Structures are given as C-alpha cells and as structure tokens.
Amino acid sequence: MKSLKLHRWNISVKEALDIQNKLSKCVIQQKLDKPVKVLAGCDVAFEKNSYLACAGIVLMSFPELDLIDEKVIFSTIKFPYIQGFLSFRETPALLEIFKTIKAKIDLIFVDGYGIAHPRKFGIASHLGLILDLPTIGCGKTYLIGEYDEPKVDAGDYSWLFYKDEIVGAVVRTKTKVKPIFVSVGHKICLNDAIEFTLKCCKGYRIPEPIRMAHIIVNRNLKEKKLKSVAGK
DNA sequence: GCGACAG
DNA sequence: ATCTTGTCGC
C-alpha cells in the first residue's frame with residue numbers, strides 16, 4: 001500500500017519535536033466515512049540489549065474479527081525510546097510491512113497514543129497521517145491528562161482531559177480490569193474510536209488486533225533468539 | 001529544582 | 001519495552 005514520505009527518519013530529537021508540532025496540525029478528527037470491513041493491528045517487540053526488533057501486523061475482518069493475514073519483519077531500531085517520541089522509534093519498522101501489504105485496510109489499531117499527547121501527535125496520529133488511513137491509539141498506561149476513574153463494568157468509560165480539552169477516553173474494556181487509554185489517531189472521531197475499541201475486545205483488556213499483533217511479534221522474536229543460540 | 005513520563 | 005514464578009482473586 002502507498003505511504004506518504006512526510007519527512008526523514010534519521011533526525012535529532014529537536015527535529016522530531018518540530019515535525020510533531022508541524023504535522024499535528026494535519027490530523028483530522030471526523031466520523032468514519034466508509035464502512036469498516038478490514039481491521040489492522042500492529043506492534044513491535046524488542047530484544048533486550050540490542051537494536052534488533054520484530055514488527056508485526058495482523059489483518060482481521062470486522063465485525064467477525066476472524067484472522068485474515070499476519071506478517072512480521074525484523075528490523076534494526078536506531079531511535080532511542082524517549083517519552084513523547086515513541087513514533088520515531090517504532091514507525092519506520094511498521095512502515096516496512098505496511099508497504100508490502102496489498103489488502104485494503106479500513107482502520108488501524110495502534111498500541112500507544114494518538115492526539116492525547118503533549119504535542120497532539122502520538123504514534124497513532126503519526127502512522128495514520130503517513131498511511132492516510134483512520135487510526136485509533138490504545139495506550140495501556142498513563143501518559144498525560146486528568147480523568148475520573150471509570151465505573152467497573154466493561155463498556156464504562158470517562159473522558160481524558162488535557163489543558164481543558166477532551167483528548168481521549170479511559171475505557172473499561174473488561175469488567176473489573178484496569179482500563180485502557182483510547183484516543184483519536186487520525187481520520188476518526190473519539191466516539192467512533194471508543195465504539196470500535198469496545199467491539200474489538202473479545203474477553204481481554206486489549207483489542208484483538210493489537211493483542212494478536214503483540215503475540216506474533218513476541219513469538220517470532222523468541223524463535224529468532226532460539227535459532228541464534230542453536231547455531232547460526 | 002522536583003515529579004511525571006506511551007513502548 | 002524487557003527482566004521473571006508463583007500466586008491471590010474472580
């Protein structure tokens with residue numbers, strides 16, 4: 001699939017900051033304009049003291065959530081992990097895979113935040129803008145903002161505020177289990193993001209597309225380690 | 001200066 | 001993210 005080359009990746013943190021401030025203005029919040037048939041979930045796993053990483057993408061049908069396809073790729077990560085700059089570390093590897101996928105994707109689930117970000121440009125927004133596709137950011141731990149603890153039942157949620165603005169929602173995807181942080185990535189509105197997130201949770205805290213992607217990248221990275229120990 | 005801080 | 005086993009609770 002096509003992807004826009006909005007900037008280089010071999011850059012400094014300052015340049016990355018400028019890019020975020022500039023591109024955040026291009027993010028679009030809107031109701032999904034097309035029916036969703038194909039979902040994608042992506043994730044990246046890293047080897048401990050190394051630059052080796054395994055990026056993976058899973059495609060699923062909606063609303064059935066049947067697995068359509070899965071793909072992983074090993075890559076060398078150069079950008080360090082710095083709070084607020086996660087996308088510059090993980091996006092290049094993910095793009096390598098998206099570029100090889102020919103199927104038409106309607107919506108992408110990203111592990112991390114969208115516009116609920118210090119500069120309104122988390123990895124979900126960044127990836128969505130580059131691929132020009134709707135994306136939802138699903139964070140597992142707190143990053144920014146203020147919120148009230150949502151009620152205990154699956155489906156309950158509360159708004160996430162940042163600078164007097166609603167930037168996301170704290171969603172209880174499973175009864176009596178810690179909620180996740182949902183925010184708009186690109187080309188979707190918060191209500192749709194919450195709705196799709198809930199419809200994609202099948203008994204687990206994490207939406208299936210992301211949960212599956214997480215499983216395959218970890219499995220592949222583990223297998224790669226075993227092979228390197230066994231011989232070559 | 002101190003605390004907070006996606007994966 | 002990654003390092004790691006068993007264990008308490010629904």
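Below, each value reflects all heavy atoms present in this structure, side chains not excepted, and no hydrogens, waters or symmetry copies. Throughout, a chain's letter reflects where its sequence line sits, starting with A, and its residues are numbered from 1. Quick caveat: nothing in here was measured; it's all calculated off a predicted structure.
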Mind checking if G84(A) touches a base, just sugar-phosphate, or nothing, with heavy atoms under 4.0 Å?
base
Looking at dA1(C), I'd like to know if its phosphate oxygens (OP1 or OP2) sit under 4.0 Å from a side-chain N or O belonging to H214(A).
yes
N/O donor-acceptor pair under 3.5 Å between S24(A) side chain and N21(A) backbone:
yes
Does dA1(C) have OP1 or OP2 under 4.0 Å away from a side-chain N or O of K140(A)?
yes
Heavy-atom donor-acceptor pair, D192(A) side chain to I188(A) backbone, under 3.5 Å:
no
What nucleic acid atoms does F46(A) come within less than 4.0 Å of, heavy atoms only: base, sugar-phosphate, or nothing?
sugar-phosphate
Which is true for Y142(A) with a 4.0 Å heavy-atom rule: it touches a base, it touches only sugar-phosphate, or it touches nothing?
sugar-phosphate
For dG7(B) and T141(A) - does any side-chain N or O of the residue sit under 4.0 Å from the phosphate oxygens OP1/OP2?
yes
Could you state the atom-to-atom distance from CZ of F85(A) to P of dA6(B) in whole Å?
13 Å
Mind checking G122(A) for me? I need base, sugar-phosphate or nothing, with any heavy atom below 4.0 Å counting as a touch.
base
From CG of D111(A) across to P of dA1(C) the rounded distance in Å is 7 Å
Rounding to a whole Å, what distance do you find between R219(A):CZ and dT2(C):C1'?
19 Å
Flag the pair I206(A) / T173(A) as yes when at least one side-chain heavy-atom distance between them is below 4.5 Å, and no otherwise.
no
Side chain of D43(A) only, heavy atoms from C-beta on: which candidate in dT2(C), dC10(C), dG7(B) is closest?
dG7(B)
Ring centres of F196(A) and F62(A) under 6.0 Å apart?
yes
Would a line drawn from the ring center of F88(A) to the ring center of H126(A) be shorter than 6.0 Å?
yes
Under 3.5 Å donor-acceptor, R172(A) side chain and V177(A) backbone
yes
For DNA chain B, produce a single dot-bracket line, 5' to 3'. Pairs: Watson-Crick or G-U wobble, both distances under 3.5 Å. Symbols: ( ) within strand, [ ] crossing, | other strand, . unpaired.
.......
Using a 4.0 Å heavy-atom cut-off, does I123(A) contact any base of the nucleic acid, only the sugar-phosphate backbone, or nothing at all?
base
Enclosure of N10(A) CG (heavy-atom neighbours >12, cutoff 6.0 Å)
no
Hey, is the side chain of N218(A) poking within less than 4.0 Å of OP1 or OP2 on dT2(C), counting only N and O atoms?
yes
Does Y81(A) put a side-chain nitrogen or oxygen below 4.0 Å from OP1 or OP2 of dA6(B)?
yes
Using the six-membered ring wherever Trp is involved, compare the ring planes of Y142(A) and Y147(A) and label them parallel, tilted or perpendicular (cut-offs 30° and 60°).
tilted
Considering only side-chain heavy atoms of K176(A), which listed nucleotide, dC10(C), dC3(C), dA6(B), is closest?
dC10(C)
Taken to the nearest whole Å, OH/Y162(A) to C1'/dC5(B) is 11 Å
Report the distance from atom CG of L94(A) to atom P of dA6(B), rounded to the nearest whole Å.
18 Å
Regarding A45(A), tell me which of base, sugar-phosphate or nothing describes its non-hydrogen contacts under 4.0 Å with the strands shown.
sugar-phosphate
In whole angstroms, the gap separating C1' of dC5(B) from CD1 of I82(A) amounts to 12 Å
